[in-house]
Amino acid sequence: MDEIIRDISRPIPMNRLLQGDVGSGKTVVAVMFMLCAVDAGCQAALMAPTEILARQHYENVRGWFESLGLRATLLSGSLTAKERAETLEGIRTARYDLVVGTHALLEDDVRFSRLGAVVVDEQHRFGVLQRNRLSAKGEHPHVLVMTATPIPRTLTLSVYGDLSVSVIDELPPGRKKITTKSVPKTSRDNLLLFLKKAMGSGRQVYWVCPLVEDNEDLSIPSAERRFEQLANLFGAGRVGLLHGRLNAGEKEKTMSAFIRNKIKMLVATTVIEVGIDVPNATVMVIEETHR
């Protein structure tokens, strides 16, 4: 925060990369940065690469902003025409202090009253031109981009030469150690028993597959086939399926059920790579990890 506040106190716009592991507190830092802009009479924008992540940010951040008497809104591709028109009007007239959104923020009809702070989450999912396009909606706003992908400092300078770098190099206190095990296919029964115990104790499980559906040329597990097998084993109502080919409504319904602990096991592709935050899910099985 010292580095950020020093930057935003200068007469030139900040361009800073915030790097930190999942759960290290990047969002809290981003919120404090955006509040500095709002304090100065500006609006702030937070852009995330997927609707699931954008919605999650919105749900988390909205409460913090509203408790301070500030207003936040969510702009995504799934809004109805009427909802979108009302949201765009609220952004243009500065009715909203914070706008959280997906790539939808980049569209021409999104106009801010006075954009002072831009946050881009999982910035490797966006191009430089996209980042610049969002910045261009204000008069040289300060920009903070965030990533959980660790990059050595020397490489960081070549990849992000236009950015200053801040690193959160630790996790908040109380985080438990993560145990990683390689399980041979011959121990599959033991794995299933372990998962059954985890779910029996109230915990939830991710099962990640490399493909959405079976491929004749590749004898590797697909999410759809694995979902059928696990649903037969653990009960159809307890296992959910999530991948990129589902429509937004289906994804939202499944993710919401998993967050509410209605679904005990989520079979998915790497669509869950960014921004899924379900503290009760304590086990993750990743098949064909080299893929």
Could you measure the distance from the CG atom of Leu233 to the CD atom of Glu228? Nearest 0.5 Å is fine. 13.5 Å

Atom pair CG (Leu53) and CG (Asp121), whose distance is rounded to the nearest 0.5 Å: 5.0 Å

Answer yes or no: is there a side-chain heavy-atom contact under 4.5 Å between Phe65 and Val38? yes

Take Asp214 and Glu224, measure what side chain to side chain contact (heavy atoms under 4.5 Å, CB included) needs, and give me the verdict at the end. CA-CA 8 Å; Asp214 284 348; Glu224 290 183 345; over 6 Å; no

Determine whether Pro141 and Ser135 make a side-chain contact, defined as any pair of heavy atoms from C-beta on separated by less than 4.5 Å. yes

Close side-chain approach of Val118 and Met47, heavy atoms under 4.5 Å: no

Any Leu35 side-chain heavy atom under 4.5 Å of Trp64 side chain: no

Look only at the side chain of Asn15 and the backbone of Leu163, and say whether a donor-acceptor pair between them is shorter than 3.5 Å. no

Within 6.0 angstrom of Ile178 CD1, more than 12 heavy atoms from elsewhere: no

Flag if over 12 foreign heavy atoms under 6.0 Å of CD, Glu139: no

Under 4.5 Å between any side-chain heavy atoms of Phe33 and Arg16, yes or no? no

Taking everything shown except Asp2 itself, do over 12 heavy atoms lie less than 6.0 Å from its CG? no

Looking only at atom types and distance, does a side-chain atom of Asp21 sit under 3.5 Å from a main-chain N or O of Ser24, one as donor and one as acceptor? no

Testing Leu98, Val61, Val119, Asn60 one by one against Val31 for a side chain to side chain contact (heavy atoms under 4.5 Å, CB included), which residue passes? Val61

Any donor and acceptor pair, going by atom type alone, linking the side chain of Gln19 with main-chain N or O of Thr147 inside 3.5 Å? no

If we check side chain to side chain contact (heavy atoms under 4.5 Å, CB included) with Tyr96, which of these qualifies: Leu75, Leu74, Leu70, Thr73? Thr73

So, the side chain of Lys26 versus the backbone of Met146: is there a donor-acceptor pair under 3.5 Å, distance only? no

In terms of heavy-atom contacts, Arg55 and Ser76 come closest through NH2-OG, 4.4 Å

Atom pair CG (Leu129) and CG (Leu106), whose distance is rounded to the nearest 0.5 Å: 10.5 Å

State, to 0.1 Å, how close Leu242 and Thr254 come at their nearest heavy-atom pair, and which atoms those are. CD1-CB, 4.3 Å

Evaluate the side-chain proximity of Met255 to Val278: yes if any heavy-atom separation is below 4.5 Å, no if none is. yes

Taking only Lys NZ, Arg NE, NH1 and NH2, and the carboxylate oxygens of Asp or Glu, determine whether Glu51 and Lys251 approach each other closer than 4.0 Å. no

Would you give the length of the straight line joining atom OG1 of Thr180 to atom CE of Met284, rounded to the nearest 0.5 angstrom? 11.0 Å

Is a salt bridge present between Arg92 and Glu89, judged by a nitrogen-to-oxygen distance below 4.0 Å? yes

Would a distance-only check, ignoring hydrogens and angles, find a side-chain to backbone donor-acceptor pair under 3.5 Å from Glu287 to Trp207? no

Any side-chain heavy-atom pair from Asn280 and Arg203 closer than 4.5 angstrom? yes

Is Gln43 reaching over with its side chain to a backbone N or O of Val99, donor-acceptor style, under 3.5 angstrom? no

For Glu288 and Pro221, indicate whether the former's side chain and the latter's backbone hold a donor-acceptor pair under 3.5 Å. no

Run the side chain to side chain donor-acceptor pair (under 3.5 Å) check on Gln130 and Arg133 step by step: do they pass? CA-CA 5 Å; Gln130 288 176 314; Arg133 191 169 176 186; over 6 Å; no

Lys264 versus Phe234: any side-chain heavy-atom pair under 4.5 Å? no

